[in-house]
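Some notes on the structure that comes next.
As a basis for the values below, the full set of heavy atoms in this structure was taken, side chains included, without hydrogen atoms, waters or symmetry mates.
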Amino acid sequence: MLRSFLVLGCVWLGLVGSAASRVWAQPASTEVATIQQAVVEAIAKAEKSVVAIARVQRERPGQRAVIEPRPDPFGNRRTASLPPPRPTDPDFIPDDLAVGVVVERGGLVLTVAHVLAEESDYYVTVGRRSTFQAKVLAADPRSDLAVLAPIDGSEAGSGEWIPIALGDADALKKGEFVVVLGNPYAIRREGQPSASWGVVANLARKAPPTPDEQDPLGKSTLHHFGALIETDARLNTDTSGSPLINLKGEMVGMATVIPSVVGFQASAGYAIPVDATFRRALDALRQGREVEYGFLGIQLGSLGRSELGSATPGVRVERAIPGLPAARHGVKSGDVIQAINGVPVRDSDELVRQISKYPLETAVKLAVRRGDRQLDLQVPLTKLRVRGRRIVTTADPPWRGLRVDYATAVQEVYSATANFPLGEALAVTDVEKESPAWEAGLRPGSLITHVERSPVRTPKDFHQAVTGKTGPVSLRVIAESGEPVERTIPPEK
């Protein structure tokens with residue numbers, strides 16, 4: 001039994017390294033030492049980047065401070081009523097604990113977004129149990145990722161911020177050895193994460209759906225579409241945000257806790273893969289910006305068995321929504337999308353995952369079957385509406401008090417009774433009170449189709465159209481009736 005385990009380890013090492021031929025010839029004790037040393041070195045390389053994150057709910061106005069009895073430190077029988085430990089004290093018990101990893105020497109920490117909460121403060125413990133207060137720089141509910149930054153910028157020069165090396169989850173294979181570094185209790189109290197190891201069990205697991213009023217299908221994150229890594233490595237309590245590393249010490253996934261339901265083993269662990277989508281989200285979040293996701297503008301259906309035949313399966317287009325990119329570039333109801341940029345898609349979940357890899361306005365190539373014909377259609381992506389709580393701290397400045405975005409990212413596009421094609425307008429997302437735009441009657445949700453006589457469909461179109469204008473500017477706005485009206489925005493005082 002032991003020999004079988006050692007042989008398996010040697011095979012794996014042969015896949016990831018160049019020493020396989022030497023390992024096969026080594027005695028069993030040397031093989032064990034080789035595997036053990038690889039694990040030890042991987043942990044030593046990555047653990048310095050692992051941090052504990054404590055979430056503490058802010059005191060509400062009028063809330064009384066909690067006083068707790070503590071034993072007299074000199075051994076007397078009486079007790080003293082003292083304030084509870086401060087958040088920087090290792091004995092402090094926060095409302096929630098999570099793990100994170102350093103991604104930038106300036107002190108930026110990456111973790112999972114679902115550990116965040118309203119009206120909360122965050123404390124990050126790094127290295128030798130140094131604890132700093134942090135703020136949320138940005139959070140994205142679709143990727144379930146968030147980045148924290150030190151409130152006091154001077155802490156960034158402490159020398160304890162060691163960024164973790166990022167690996168490539170797309171290169172993982174089932175059976176590869178991986179290590180999870182977690183346990184925020186140990187990090188906060190002892191300065192060291194705990195390690196557990198196992199193998200990659202699956203590379204495309206789906207989080208169980210969690211329907212609610214805003215999302216009846218319950219697929220609010222990318223992980224509901226089959227993007228999760230499954231591992232049998234043991235996950236300690238509160239391990240959300242823990243890095244899943246390979247034997248090179250590179251992070252290939254970030255652990256996330258999902259509900260245990262039928263079909264999801266309680267002993268299994270799941271991780272968000274470090275792939276192209278992950279990296280694109282991280283790049284936006286570390287700048288404090290919103291993570292944007294592409295959208296074709298179609299409603300999807302499924303294919304019946306009789307329709308599949310011997311051809312490559314695909315995804316049926318139930319409806320190409322008027323005015324949106326797919327309809328404007330030739331996609332029709334009843335078409336079957338078989339591939340995106342040459343990558344086959346077998347169902348709607350795979351299509352969503354593929355589209356999410358690309359930035360907005362990217363023209364993706366759709367391989368489409370229409371009856372007996374095969375078509376290649378180029379469709380630029382518009383912006384998907386992301387549900388959930390987003391946090392953005394770096395935004396473009398408003399123009400005369402208003403901000404705009406793709407209408408598809410703000411309003412529901414699937415309604416057949418829409419008064420105006422959203423692909424032919426921009427949506428107002430924010431209007432500062434008492435600003436020129438506010439005084440002119442613009443409100444969040446207003447649709448803008450023209451600046452003067454120039455049509456605008458993207459925020460870039462809008463900003464190009466208004467740049468350099470110093471006098472009053474006329475905007476064409478869609479009223480609730482669907483009819484266009486003119487609104488004149490005066491210059492700022």
Side-chain angles (χ1 to χ4, degrees), residues 8-20 22-23 31-53 98-112 124-128 145 147 159-184 186-187 190-201 203 229-236 239-256 269-276 278-279 282-283 286:
L8 175 61
C10 294
V11 170
W12 187 88
L13 288 172
L15 292 175
V16 299
S18 60
R22 297 195 303 272
V23 172
E31 294 169 355
V32 172
T34 301
I35 299 172
Q36 179 175 286
Q37 187 62 27
V39 174
V40 169
E41 291 177 359
I43 293 172
K45 178 181 178 180
E47 68 176 350
K48 297 175 183 177
S49 306
V50 183
V51 304
I53 300 171
V99 189
V101 294
V102 178
V103 291
E104 194 171 297
R105 288 194 179 277
L108 299 190
V109 171
L110 178 69
T111 188
V112 287
V124 175
T125 302
V126 299
R128 293 179 292 276
L145 296 176
V147 168
E160 294 189 273
W161 304 99
I162 302 175
I164 198 164
L166 297 182
D168 181 11
D170 288 334
L172 287 176
K173 301 289 189 298
K174 289 183 183 180
E176 287 194 31
F177 294 150
V178 286
V179 177
V180 177
L181 297 174
N183 191 357
I187 300 172
E190 302 162 20
Q192 297 183 14
S194 298
S196 62
W197 81 321
V199 299
V200 174
L203 291 163
I229 301 169
E230 179 187 341
T231 176
D232 66 350
R234 183 172 66 90
L235 299 183
N236 294 308
T239 49
S240 281
S242 299
L244 181 76
I245 64 173
N246 59 22
L247 293 200
K248 298 177 183 178
E250 301 168 332
M251 186 171 80
V252 291
M254 175 163 277
T256 180
Y270 301 92
I272 302 167
V274 178
D275 55 13
F278 182 102
R279 290 172 182 270
L282 176 57
D283 287 343
R286 71 201 312 169

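Contact detail for T111 and S240: the closest heavy-atom pair is OG1-O, 4.4 Å. Scanning both residues, S242 and V180, for their nearest heavy atoms gives CB-CG1, 3.9 Å. P243 and M251 make their closest contact through CB-SD, 3.6 Å (heavy atoms, listed as atom of the first residue, atom of the second, distance). In terms of heavy-atom proximity, G198 sits nearest to D232 at CA-OD1, 3.2 Å. The two residues I229 and G253 come nearest to each other via the heavy atoms CD1-CA, 4.5 Å. In terms of heavy-atom proximity, A195 sits nearest to I43 at CB-CD1, 3.7 Å.
K48 NZ: 12 or fewer foreign heavy atoms inside a 6.0 Å radius.
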Check the pair V179, I245 against side chain to side chain contact (heavy atoms under 4.5 Å, CB included), reporting the backbone distance first and the verdict last. CA-CA 5 Å; V179 177; I245 64 173; 3.7 Å; yes

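Screening L282, L110, T256 for a side chain to side chain contact (heavy atoms under 4.5 Å, CB included) involving L145 leaves a single residue, L110. Of the candidates V51, V103, V99, V101, V51 is the only one forming a side chain to side chain contact (heavy atoms under 4.5 Å, CB included) with V109.
Between the side chain of K45 and the backbone N or O of E250 there is no donor-acceptor pair closer than 3.5 Å.
Here the CE-CG distance, from M254 to L166, works out to 9.0 Å after rounding to the nearest 0.5 Å.
By the 4.5 Å heavy-atom criterion applied to side chains, L247 and V39 are counted as neighbours. Put simply, the side chain of S49 reaches to within 4.5 Å of the side chain of I162, judged on heavy atoms. No side-chain heavy atom of I187 sits under 4.5 Å from any side-chain heavy atom of V126.
Under the side-chain hydrogen bond (donor to acceptor under 3.5 Å, both in side chains) criterion, Q37 pairs with E41, sequence neighbours left out. Residues satisfying the salt bridge (charged side-chain N to carboxylate O under 4.0 Å, His left out) criterion with E104, sequence neighbours excluded, are R286.
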